[in-house]
Amino acid sequence: VCSERQGKYYQYTDALFQNRIQLQREDLERYAGEQGMDTAAFKACLNDPEALKIVIRDRKDGEFMGVKFTPAIFINGKMSQEIPLEDELRQTIQQALLK
């Protein structure tokens, strides 16, 4: 939520997945800085009750849909928690669009 607010969602999540072991608050803040985010705004967002509500809502939505861990993708309502190679993903999407 906090990285999305600064337009850095994908860069930040890439950093998180590359550093899955180090996810303490100070790590999260450091990664934000490394991704060129406004760290003061990022830190404030981490304390924002509205941001927490969004995270909780998204987590509940994922649990309702059967997501047990991330990443997970859905194509035409079918979930996969194994991320396919780019060519496989492209083919799956193209097939789904033909239906």
Asks: Roughly how far, to the nearest 0.5 Å, is the CD atom of Glu4 from the CD1 atom of Ile54?
Replies: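 Those atoms lie 8.0 Å apart.
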
Asks: Looking at Lys60 and Glu63, is any side-chain nitrogen of the basic one under 4.0 Å from a carboxylate oxygen of the acidic one?
Replies: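 Judged by the 4.0 Å cut-off on N to carboxylate O distance, Glu63 and Lys60 do not form a salt bridge.
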
Asks: Roughly how far, to the nearest 0.5 Å, is CG of Asp38 from SG of Cys2?
Replies: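 Going from SG on Cys2 over to CG on Asp38, the span is 11.5 Å.
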
Asks: At what distance, to the nearest 0.5 angstrom, does CD of Gln91 lie from CG of Leu85?
Replies: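 It is 11.5 Å, given to the nearest 0.5 Å.
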
Asks: More than 12 heavy atoms of other residues, nucleotides or ligands under 6.0 Å from CD1 of Ile21: yes or no?
Replies: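 Result for CD1/Ile21: open.
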
Asks: Identify the two heavy atoms, one from Leu16 and one from Tyr31, that lie closest to each other, and give their separation to 0.1 Å.
Replies: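 Closest pair (atom of Leu16, atom of Tyr31, distance): CD2-CD1, 3.8 Å.
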
Asks: Looking only at heavy atoms, what is the nearest atom pair of Val1 and Val55, with distance?
Replies: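 The answer is CG2-CG2, 3.7 Å.
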
Asks: Does a sphere of radius 6.0 Å around OH in Tyr9 hold more than 12 heavy atoms from other residues, nucleotides or ligands, not counting ones at 6.0 Å or beyond?
Replies: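 At most 12 heavy atoms, drawn from other residues, nucleotides or ligands, come within 6.0 Å of this atom.
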
Asks: How many angstroms lie between CD in Gln35 and CZ in Phe42, if you round to the nearest 0.5 Å?
Replies: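 Result: 10.0 Å between the selected atoms.
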
Asks: Do Ser3 and Gln11 come close enough that some side-chain heavy atom pair is under 4.5 Å?
Replies: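 Ser3 vs Gln11: side chains apart.
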
Asks: Please name the pair of heavy atoms, one in Glu29 and one in Thr39, separated by the smallest distance, quoted to 0.1 Å.
Replies: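 Of all heavy-atom pairs spanning Glu29 and Thr39, the closest is O-CG2, 4.1 Å.
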
Asks: What closest approach, in Å, do Asp27 and Leu23 show between heavy atoms, and which atom pair accounts for it?
Replies: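 Heavy-atom minimum between the residues: OD2-N, 3.4 Å.
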
Asks: To the closest 0.5 Å, what do you measure between CE (Met79) and NZ (Lys68)?
Replies: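 So the gap between those two atoms works out to 6.5 Å.
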
Asks: Minimum heavy-atom separation for Lys8 to Gly36, with atom names?
Replies: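 Heavy-atom minimum between the residues: CE-O, 4.3 Å.
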
Asks: What are the two closest heavy atoms between Cys45 and Ala51, and how far apart are they?
Replies: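 Between these two residues, the closest heavy atoms are O-CB, 3.7 Å.
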
Asks: Tell me whether Arg57 at atom CZ has more than 12 heavy atoms from other residues, nucleotides or ligands lying less than 6.0 Å away.
Replies: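 Result for CZ/Arg57: enclosed.
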
Asks: Salt bridge or not between Glu26 and Arg30? Use side-chain N to carboxylate O under 4.0 Å.
Replies: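 Answer for the salt bridge query: no.
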
Asks: Could you state the interatomic distance from OG1 (Thr92) to CG (Asp87), rounded to the nearest 0.5 Å?
Replies: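 Output value for this atom pair is 10.5 Å.
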
